[in-house]
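Note that this is a predicted model, so its numbers are computed, not measured. Order of the sequence lines fixes the chain letters, A, B, ..., with proteins taken first and strands second; residue numbering starts at 1 for each chain.
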Protein chains: 2
Amino acid sequence: MSVHTKTTPNSLTPVAQKFILHWGEMGTRWGINRTVAQVHALLFLSPRPLPADEIAETLAVARSNVSTSLRELQGWRIVRVVHVLGDRRDHFESIKDVWEIFRIVSEERKRREIDPTLRVLDECVQEVKANPQGDAYTRERLTDMREFLMAMTGLFDEVIHMPAGALKGVLKLRGKVVTMLGKKAV
Amino acid sequence: MSVHTKTTPNSLTPVAQKFILHWGEMGTRWGINRTVAQVHALLFLSPRPLPADEIAETLAVARSNVSTSLRELQGWRIVRVVHVLGDRRDHFESIKDVWEIFRIVSEERKRREIDPTLRVLDECVQEVKANPQGDAYTRERLTDMREFLMAMTGLFDEVIHMPAGALKGVLKLRGKVVTMLGKKAV
DNA sequence: CTCTCTATTCAGAAATTACTAAAAACACCG
DNA sequence: CGGTGTTTTTAGTAATTTCTGAATAGAGAG
């Protein structure tokens, strides 16, 4: 038997449940496993780090499923393991700063998905340059796409790396950003 | 028998094939059906509108599968049906302006996913306000998330609605945007 | 070294999603 | 109308993804 007095029965409040279910649903729409998203939502709402078995119990999924979900969330760098005095089990906590979560996940998706796409586009543009017979149109489309992605991710990188304080300021400027940028730009 | 002289055998160039396969793969990672993404990639590269059966043949998928994929792409508003003189079949073409594609898809995803999430968050915050015993922490997390999403989508909306010309200008400012905004904001 | 608790891996089961072929519906023509 | 070419729907199949429970591995305590 475990040494632990079974921390809490830990039934979710209706609000927590609602948020966690919705978050899981949103996950699936963005290519993220439902359980992974639910585990994240739970940790995000939790005022203290949770051990895996408690997560499993709370969400009513298998312990092994939680294990892989936690591993994945650690891969996304938005969940980390911490330890609690007198408890041998790993406990997990989520980053709580929403801006930070967004920043990290964006970076990770850029690294995993946009960067490889840019590499493919580079190769495609190279290859279509080498064979200039006929596919002038293809070449144009691919070049367009490549340049758009480069420009867009460049801009995005800049915004994403702004110190949190600066961003909060920018968000206050709503309605002025376009005008400002527009004037300088057009 | 069809009246059409089977437009073209229409084997893809290696480059087109590479791009289409990669695009399909990227689709799956963002919660978009692989075939849907491939159909879109094909239309994006095609210099002329294509009829469904030609798409099916080129991608080697069932005609019915193409039909639903096209329907979905029309739902995203990035593909539309056009007609070709002397041909009863529907032909389909993709928007070609990459910025426009991005803008429309972003708007659509906001409408389908972010807006409902904001509604859920509103409800959650309301409910947790009504029961103020205990879940002060939950309330804080949910409020944070709600405000972040509102601010972020607000800013995003502004950028996304910039006239294409202005955006191209902004993209040229790379390296200066943060400084500019930062000065005004901090 | 062994015992106990915990975490991970894995092979199969379950569930979901995607796809196909056939049928039905539609639209236009004569 | 009836016929022909086309698109959409549908019901079943196939493929993929997710999840589980059991087995394995790991890590510290005594």
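OP1 and OP2 of dT18(D) both lie 4.0 Å or more from every side-chain N or O belonging to Thr35(A). For Arg34(A) and dT17(D), the shortest distance from a side-chain N or O to OP1 or OP2 is not below 4.0 Å. Contact between the side-chain N/O atoms of Arg89(B) and the OP1/OP2 oxygens of dT7(D) is not found at any separation under 4.0 Å.
Atoms NE2 (His83(A)) and P (dA27(D)) sit 11 Å apart, rounded to a whole Å. If you take CG of Asp53(A) and C1' of dC5(C), they are 11 Å apart, rounded to a whole angstrom. What separates CD of Glu54(A) from P of dT6(C) is a distance of 13 Å, to the nearest Å. Asp90(A) has its CG atom 5 Å from the P atom of dA7(C), to the nearest Å. Across the protein-nucleic acid pair, Leu70(A) atom CG and dT6(C) atom P stand 15 Å apart, rounded to whole Å. Across the protein-nucleic acid pair, Arg71(B) atom CZ and dA18(C) atom P stand 17 Å apart, rounded to whole Å. Atom CG of Asn65(B) is separated from atom P of dT16(D) by 14 Å (rounded to the nearest Å). The separation between Glu25(A) atom CD and dT18(D) atom C1' is 14 Å, rounded to whole Å.
With distances taken from any side-chain atom of Ser64(A) to the nucleotides dT20(C), dA7(C), dC10(C), the minimum falls on dC10(C). When each of dT7(D), dT8(C), dC5(C) is scored by its nearest atom to the side-chain atoms of Arg63(B), the top-ranked nucleotide is dT7(D). The nucleotide whose nearest atom lies closest to any side-chain atom of Arg88(B) is, among dT20(D), dC28(C), dT20(C), dC28(C). When each of dT9(C), dT20(C), dC19(D) is scored by its nearest atom to the side-chain atoms of Val61(B), the top-ranked nucleotide is dT20(C).
Note that NZ of Lys96(A) is 8.5 Å distant from CD1 of Ile101(A), once rounded to the nearest 0.5 Å.
Asn33(B) comes within contact range of the sugar-phosphate backbone alone, with a heavy-atom separation under 4.0 Å but no base atom that close.
With hydrogens and angles disregarded, a donor-acceptor distance shorter than 3.5 Å links the side chain of Asp97(A) to the backbone of Glu100(A).
Between Trp30(A) and Arg109(A), some side-chain heavy-atom pair lies under the 4.5 Å cut-off. When side chains are defined from C-beta on, Ser94(A) counts as touching His40(A), because their heavy atoms get closer than 4.5 Å.
Between Phe44(A) and Phe19(A), the two ring planes are tilted [angle within 30° to 60°].
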